[in-house]
J.: 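Below is the structure I would like to discuss, written out as structure tokens.
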Amino acid sequence: MAREGFVTAITRQSDDFPAWYNDVVLKAELASYSPVRGCMVIRPYGYAIWESMRDELDRHIKATGHSNVYFPLFVPRSLLEKEAEHVEGFNPQVAWVTHAGGKELDEWLAIRPTSEAIIAETIKDWIQSYRDLPLLMNLWNNVVRWELRTRLFLRTSEFLWQEAHTFHATEQEAREEVDLGLEIYRKVSEEWLAIPVITGRKSEGEKFPGAVYTYSIEAMMRDRKALQAGTSHYLGTNFAQAAGITFLDRDNQRRHPHGTSWGFSTRMVGATIMAHGDDSGLVLPPKVAPVQVVVVPIFRSEADRSAVADAIERFELALRSTPEGREVRLEVDWREESPGFKYNHWELRGVPFRIEVGPRDVAAGQGTLVRRVDRSKEAVPLDRLAAELPLRLTGYQQELFQRALDFREANSHQVDDYESFKRVNEEQGGFLWAHWCGSAECEAQVNQETGATIRNIPFDSAAEAGRCIVDGRPSDRRVVFARAY
RNA sequence: CGGGGCGUAGCGCAGCCUGGUAGCGCACUUGAAUGGGGUUCAAGAGGUCCCGCGUUCGAAUCGCGGCGCCCCGACCA
């Protein structure tokens, strides 16, 4: 087949998507299994991808006035249990420290599944007046949620993330903060990871334990399944009440502050893999690619070798002569391996551009530029390439976004009755835009009978009179259903 | 927790039924040639055969017990 000669060490997406995903993660050396069940080791190449999105997110978080802080890994049992819905929601997933210092602890310590409880307890002394608000904090840390079935990056018992926690004097201001958190996630997903997302509100059944409401961004993977990529919660005064946080407002009234929290995790590395990857492995957007351009020298004789080396050196000098060019993450692969081996190696790792420089190229003063996403080849003069490379990377980034968007649109369907819902869901999958009356019963029935869940109630779902696909009751807008990770 | 499968070199496996020198492929090391889609040849290194007890002259192999992992069904960033 056409695949012959190209990367063959991984399962094809069409044969078995989960196996493909696993192969890519392991063989591209993003991560490996650890001695601890359900946990993972993030390897240098995978961690570099995480760092890229982490740093971008951190810039957004700081630019909007939040400060990074740190809170302990351990949460005393009594604190975790203060907010009723919160305990109930997290209880099955909490790992406990019961012994320390050689004896059983008087009070068990939870390994944080998230930090709302300990933060609320801690900051109650920090807030006395409306002048102390808003309090805008962010934590970069690890959390533990005991999982029954784990998958590298997508669901591990321990994962890395960012959790923002804020407190506000008014409900209005807190709601705006929830919007802000979600907007940051949308931007990072779409503009940095090139993953188009649907922003919307989670149904009651799917919201965060302890929240008044939860917003999410939802993305489509290349197997047409959905992935929740980030969530932002309005907590109301739930945690403030549970911890007894109050402040004196302008009108001399004592009030509970309104809280928010929002989180974005290493799961997004998995999203990036599954949103863009193909049968040859990773396809990385330039913004997150640890290596954006790889140069593969090709030579036989020593004379060829030095001519090729000279050409590459001149090209690098030209590239580094401009500010944009200096930013390009470029690697020249001089390893003692065959060119074909290197092509496969870097394609598996998703490097956007490859430049082949061999004797024929040197003679013509050019490099052969090969794009990862479509393997298109083009001979480009090396001096021109140096000037153009930054622009081409930008264009490539946009192409990947557009490609993902087109894919999502091609796999989104409007369905108006339950029979066609089941049929489309079964035969084609993807996102199903359908009317829903808003009841938890209908939501649960669809989930049980079709495996699909309501991903969210999109903000940009136009007002449209319709009838719930399950019980026919009136609905004023469509929601997005899909099978999800 | 219920059902199925598996533990032998870094990885993937054969050997076990029928007990007798622990093997194959990939990866790794060294050398030479090769080099425009995973290059070839040669030489080499690498093992508590998951653990324990038992049977036996002798156990990776047979018996008993234990441990661990993976897949499938109820929760989740």
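Each chain gets a letter, A, B and so on, in the order its sequence line appears, and its residues count up from 1. Side chains are part of it too, since the values below use all heavy atoms of this structure and drop only hydrogens, waters and symmetry mates. The structure displayed is predicted, hence computed values, not measured ones.
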J.: Do Tyr215(A) and Phe208(A) have ring centroids that are under 6.0 Å from one another?
T.: no
J.: Grab the CZ-C1' distance between Arg145(A) and A77(B) for me, whole Å please.
T.: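 These atoms are roughly 6 Å apart.
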J.: Asn91(A) CG to C75(B) C1': how many Å, rounded?
T.: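 In whole Å, C75(B) C1' and Asn91(A) CG are 12 Å from each other.
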J.: Which one, G37(B), U39(B), C76(B), comes nearest to the side chain of Gln93(A)?
T.: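 Side chain of Gln93(A) sits closest to C76(B).
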J.: Is Arg375(A) touching bases, backbone alone, or none of the nucleic acid, heavy atoms closer than 4.0 Å?
T.: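 Base contact.
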J.: Select one nucleotide: of G36(B), A74(B), G35(B), the one nearest the side-chain heavy atoms of Leu148(A).
T.: A74(B)
J.: I want to check a possible cation-pi pair here: Arg222(A) against Phe17(A), using under 6.0 Å from ring centre and within 45° of the ring axis as the test.
T.: no
J.: Name the nucleic acid region contacted by Arg354(A), choosing base, sugar-phosphate or nothing; use a 4.0 angstrom heavy-atom cut-off, strictly under.
T.: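 It contacts base atoms.
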J.: Among G36(B), G37(B), C76(B), which is the nearest nucleotide to the side chain of Glu347(A)?
T.: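 Out of G36(B), G37(B), C76(B), the nucleotide with an atom closest to Glu347(A)'s side chain is G37(B).
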J.: With the side chain of Arg267(A) defined as its heavy atoms from C-beta on, choose the nearest nucleotide among U34(B), A77(B), G36(B).
T.: A77(B)
J.: Does any N or O in the side chain of Gln292(A) come within less than 3.5 Å of the main-chain N or O of Pro286(A), such that one atom is a donor and the other an acceptor?
T.: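 Yes, because the side chain of Gln292(A) sits within donor-acceptor range (under 3.5 Å) of the backbone of Pro286(A).
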J.: Which part of the nucleic acid does Arg360(A) contact within heavy-atom distance under 4.0 Å: base, sugar-phosphate only, or nothing?
T.: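 Contact class for Arg360(A): base.
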J.: Strictly below 4.0 Å: does Arg300(A) bring a side-chain N or O up to OP1 or OP2 of G36(B)?
T.: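 Looking at the OP1 and OP2 atoms of G36(B), neither is under 4.0 Å from any side-chain N or O of Arg300(A).
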J.: Could you work out the separation of C6(B) and C49(B) based on their C1' atoms and round it to a whole Å?
T.: 14 Å
J.: Side chain of Arg149(A) only, please: which of G36(B), G73(B), G35(B) is the nearest?
T.: G73(B)
J.: Under 4.0 Å between any heavy atoms, over every strand shown, what does Asp304(A) touch: base, sugar-phosphate, or nothing? Just pick one.
T.: nothing
J.: Using a heavy-atom cut-off of 4.0 Å across all strands, would you classify Gly358(A) as base, sugar-phosphate, or nothing?
T.: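 Base contact.
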J.: How about Arg300(A): does its CZ atom have over 12 heavy atoms from other parts shown lying under 6.0 Å from it?
T.: no
J.: Starting at atom CE of Met268(A), determine the distance to atom C1' of A77(B), rounded to an integer number of angstrom.
T.: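 Those two atoms, CE and C1', are 11 Å apart.
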J.: Measure the distance from CG on Leu182(A) to P on A77(B) and round it to the nearest whole Å.
T.: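 After rounding, the reported distance stands at 15 Å.
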J.: With a 4.0 Å cut-off on heavy atoms, is Phe299(A) in touch with a base, just the backbone sugar-phosphate, or nothing at all?
T.: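 Base contact.
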J.: Looking at G38(B), C72(B), C75(B), which one has an atom nearest to any side-chain atom of Phe341(A)?
T.: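 Comparing G38(B), C72(B), C75(B) against the side chain of Phe341(A), the answer is G38(B).
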J.: In whole angstrom, what separates Asp333(A)'s CG from G35(B)'s P?
T.: 18 Å
J.: How is Thr368(A) classified with respect to the nucleic acid when contacts are heavy atoms under 4.0 Å: base, sugar-phosphate, or nothing?
T.: base
J.: Looking at C53(B), which nucleotide sits across from it as a Watson-Crick or G-U wobble partner, both distances under 3.5 angstrom, or is there none?
T.: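 Checking every strand shown, C53(B) finds its partner in G63(B), with both distances under 3.5 Å.
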J.: Below 4.0 angstrom, N of the basic side chain to O of the carboxylate: do Lys62(A) and Asp58(A) qualify?
T.: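 A salt bridge is present here (some side-chain N lies under 4.0 Å from a carboxylate O).
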J.: Base, sugar-phosphate alone, or nothing: which one does Glu356(A) contact when heavy atoms must sit under 4.0 Å apart?
T.: base
J.: Could you give the OH-to-C1' distance, from Tyr33(A) to G68(B), as a whole number of Å?
T.: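 Computing the Tyr33(A):OH to G68(B):C1' distance gives 16 Å.
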J.: To the nearest Å, how far apart are Asn22(A) CG and G12(B) P?
T.: 12 Å
J.: Nearest whole angstrom, please: distance from the C1' of G36(B) to the CG of Asn344(A).
T.: 14 Å
J.: Around atom CD of Glu313(A), are there more than 12 heavy atoms of other residues, nucleotides or ligands at under 6.0 Å?
T.: no
J.: From C-beta outward on Pro359(A), which listed nucleotide comes closest to its side chain: G37(B), G35(B), G36(B)?
T.: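 Nucleotide nearest to Pro359(A)'s side chain: G36(B).
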J.: How would you label the contact of Thr156(A) with the nucleic acid (heavy atoms, under 4.0 Å): base, sugar-phosphate, or nothing?
T.: base
J.: Taking only the side-chain nitrogens and oxygens of Ser338(A), find out if one of them lies under 4.0 Å from OP1 or OP2 of U39(B).
T.: yes
J.: With centres under 5.5 Å and planes under 30° as the test, does Phe159(A) stack with A77(B)?
T.: yes
J.: Might you confirm whether atom CD of Glu51(A) has over 12 heavy atoms from other residues, nucleotides or ligands at distances under 6.0 Å?
T.: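 Atom CD in Glu51(A) is packed in, count exceeds 12.
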J.: Within the structure shown, what part of the strands sits under 4.0 Å from Pro339(A) by heavy-atom distance: base, sugar-phosphate, or nothing?
T.: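 The residue Pro339(A) makes sugar-phosphate contact but no base contact.
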